[in-house]
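The structure appears right after this line, and notes come after that.
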Amino acid sequence: MTDVYHWIAGERLAGQRTIDVINPATAEPVRRLSMADTATVQRAIDAAREAQPAWRDLPPAKRAQVMYRFKTLLERDADEICALISEEHGKVLEDAMGELKRGIENVEYACGVPELLKGEYSHNAGPAIDTWSNHQPLGVVAGITPFNFPAMVPLWMYPMALACGNAFILKPSEQVPSAAVKMAELLDEAGLPRGLFSVVHGNREAVEALIEAPEVRALSFVGSTPVARRIYEGGTRQGKRVQALGGAKNHAVVLPDADLDNAANTLIGAAFGSAGERCMAISVAVCVGDATADALIERLAPQARELKIGAGTEKGLDMGALINAGQRDKVAGYIEQGAAAGAELVVDGREHPLVDGSPGYFLGATLFDRVTTDMSIYRDEIFGPVLCVVRVETFDEAIALINAHQYGNGTCVFTRDGEAGRRFADAIEVGMVGINVPLPVPVAFHSFGGWKDSLFGDLHAYGPDAVRFYTRRKAISQRWPRRSAQESAQFNFPS
Ligand code: NAD
């Protein structure tokens with residue numbers, strides 16, 4: 001077992017209290033993690049406040065240079081980062097590489113910060129008056145991230161926050177801390193001045209300290225909905241800017257005209273990739289018509305039974321272990337509830353040989369048919385490898401069902417009919433929509449965010465919204481009166 005320390009102003013700092021980080025594939029402790037108290041969080045804040053003014057005053061192009069170097073270093077050490085992710089999270093190595101690459105896209109976008117911060121300018125906005133608006137950094141900002149994307153979700157936040165001229169404090173998930181520290185070391189190697197980026201480990205106490213600290217001007221949070229709501233309410237009460245992304249229940253609608261082979265093949269990955277522990281995972285397939293449902297299940301069931309499952313660190317697997325014993329038991333409990341409520345259990349993940357044959361937190365893929373909207377397996381976010389098929393008679397019914405759900409993160413429709421796809425995109429009350437794209441995670445130059453209980457706040461994560469979130473606007477009006485023109489006092493508002 002090795003130790004994982006806080007990273008503050010370029011130095012490793014041990015905490016008074018530690019917890020074990022567990023490898024979910026073996027159920028064995030692999031690291032001892034230092035946990036932050038309020039005083040440790042304050043050290044990170046103090047270092048950030050000291051370092052930020054000089055960084056703010058650098059030309060954005062100089063800040064972008066650090067991001068260029070950081071990108072190169074992330075690519076150099078990608079295998080090492082992915083091995084850490086896989087060992088602590090359980091996801092397969094190829095999937096860890098996928099998340100890292102999607103994360104690096106955000107570093108690339110941040111390299112364009114001189115262009116993004118250019119602002120707006122009006123010559124002669126009034127008589128001899130020029131007006132311009134620019135974006136200025138907020139100061140010290142912080143991010144709190146979930147276990148399921150140890151590299152990608154933090155990379156949604158800090159490259160742009162830093163490139164905009166802020167200092168950033170990251171509180172990663174205590175279940176997967178090592179990738180965050182490794183990336184902090186790479187930022188240091190890339191030449192980021194010390195103090196601008198710190199990693200503090202912990203859970204509720206550390207997060208409360210960030211919420212309470214008046215020096216922290218904004219909080220980005222990604223995690224479950226109850227915590228997202230609490231952080232949004234606590235942070236905004238303190239006058240902070242907050243974006244808090246929460247949980248999800250993502251539906252895919254399958255229309256009778258869809259290419260069913262293609263729909264089934266992509267749904268398998270979207271439902272069971274990363275053991276379903278993705279906020280964009282498809283967990284409900286809404287089939288329009290019984291014939292569509294029968295044909296889809298005929299294609300899904302054999303694939304679900306044959307998924308290759310094992311320790312994520314082995315090559316060539318489809319799915320790894322779940323994050324911890326509690327989550328594995330919770331998902332198994334939902335399978336029990338679904339069967340008891342009358343859903344048809346087509347494939348039962350509890351029967352996978354690894355469930356009893358390994359100390360790790362494994363479950364096979366589960367497929368339910370004839371799920372109804374009153375069942376807990378339909379209503380709740382399960383966050384595991386469980387796909388529910390709901391049968392409806394019409395496309396309108398499918399749209400109404402999705403719009404009635406509390407979550408609105410991602411959704412998709414499978415169809416060959418362009419008109420139906422367009423209508424779906426217009427009518428659906430969900431923040432990210434795919435048309436024959438089951439995981440419509442936007443590229444880094446668009447922004448990511450759900451609607452309803454999937455996001456609290458006004459601005460989405462990364463992309464153009466991140467520039468707005470991590471800066472505040474200033475409008476400057478300037479006039480240089482002519483020496484020859486004597487001006488008289490004016491008491492009315494100039495028009
Ligand atoms: P979580 O809410 O348990 O934890 C997220 C973060 O909050 C962690 O850093 C954790 O230490 C901290 N935290 C936990 N409880 C806290 C409390 N009471 N007070 C303050 N901080 C607390 O979420 P998780 O289990 O790590 O991640 C899974 C959840 O995240 C799922 O619900 C998933 O849908 C969601 N998620 C959402 C998105 C999105 O973009 N909407 C992306 C990834 C994950």
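Atoms within each ligand, like the ligands themselves, are counted from 1 in listed order. In this chain, numbering begins with 1 at the start of the sequence shown. Just so you know, these numbers use all the heavy atoms, side chains as well, and skip hydrogens, waters and symmetry mates.
Ligand 1 has no N or O atom lying under 3.5 Å from any N or O atom of Thr225, backbone or side chain. The distance criterion of under 3.5 Å between nitrogen or oxygen atoms is not met by Gln175 with respect to ligand 1. The shortest N/O to N/O separation between Lys171 and ligand 1 falls below 3.5 Å. Close N/O approach between Glu208 and ligand 1 is not found [any backbone or side-chain N/O within under 3.5 Å]. An N or O contact shorter than 3.5 Å links Gly246 to ligand 1 by distance.
Remark: the Gln175 side chain and the Glu88 side chain contain no N/O donor-acceptor pair separated by less than 3.5 Å. Inspection of the Tyr109 and His446 side chains reveals no N or O donor paired with an N or O acceptor under 3.5 Å.
Closest heavy-atom approach to atom 34 (O) of ligand 1 among the candidates Glu277, Glu381, Arg204, His460: Glu381. In this comparison of Phe448, Phe149, Phe383, the heavy atom closest to atom 33 (C) of ligand 1 sits on Phe383. When the options Cys279, Pro146, Gly223 are ranked by their closest heavy atom to atom 35 (C) of ligand 1, first place goes to Gly223.
Of the protein's heavy atoms, none falls inside 4.0 Å of atom 4 (O) of ligand 1.
If you number the atoms of ligand 1 from 1 as listed, the ones under 4.0 Å from a heavy atom of Arg230 come out as 18 (N). Residue Trp156 approaches ligand 1 through these ligand atoms, each under 4.0 Å from one of its heavy atoms: 40 (O). Distances below 4.0 Å separate heavy atoms of Ile144 from the following atoms of ligand 1: 6 (C), 7 (O), 9 (O). For ligand 1, the atoms closer than 4.0 angstrom to any heavy atom of Ser173 are 9 (O). For ligand 1, the atoms lying closer than 4.0 Å to a non-hydrogen atom of Asn148 are 43 (C), 44 (C). The ligand atoms of ligand 1 that sit less than 4.0 angstrom from a heavy atom of Phe221 are 2 (O), 5 (C), 6 (C), 7 (O). Atoms of ligand 1 found under 4.0 Å from any heavy atom of Glu174, numbered from 1 in the order shown, are 10 (C), 11 (O).
Neither the backbone nor the side chain of Met280 comes within contact range of ligand 1; no heavy atom lies under 4.0 Å.
With hydrogens left out, the protein atom closest to atom 21 (N) of ligand 1 is Val207 CG2, 3.5 Å, a heavy atom. Of all protein heavy atoms, the one closest to atom 8 (C) of ligand 1 is Thr145 O, 3.3 Å. The protein non-hydrogen atom at the shortest distance from atom 26 (O) of ligand 1 is Phe147 N, 3.0 Å. In this structure, the protein non-hydrogen atom closest to atom 15 (N) of ligand 1 is Val227 CG2, 3.7 Å.
When side chains are defined from C-beta on, Ile323 does not count as touching Tyr361, because their heavy atoms never get closer than 4.5 Å. Using a 4.5 Å cut-off on side-chain heavy atoms (C-beta onward), Val430 and Trp451 make no contact.
Between Glu94 and Lys91 no salt bridge is recorded (no basic side-chain N to carboxylate O distance below 4.0 Å). A salt bridge does not link Asp20 with Arg32: every distance from a Lys NZ or Arg NE/NH1/NH2 to an Asp or Glu carboxylate oxygen is 4.0 Å or more. With salt bridges taken as basic N to acidic carboxylate O contacts below 4.0 Å, none links Asp46 and Arg49. Using a cutoff of 4.0 Å between basic side-chain nitrogens and carboxylate oxygens, Arg241 and Asp458 are not scored as salt-bridged. Comment: Asp356 does not engage Arg350 in a salt bridge, judged by the lack of any side-chain N to carboxylate O separation of less than 4.0 angstrom. Ion pair Arg12/Glu185 flagged as a salt bridge, since at least one NZ, NE, NH1 or NH2 atom sits closer than 4.0 Å to an Asp/Glu carboxylate oxygen. Between Glu212 and Lys240 there is no salt bridge, since no side-chain N of the basic residue sits under 4.0 Å from a carboxylate O of the acidic one.
Few gaps surround NZ on Lys452; more than 12 heavy atoms of other groups in view lie less than 6.0 Å from it.
Taking the six-membered ring where the residue is Trp, the centroids of Phe147 and His89 are separated by under 6.0 Å.
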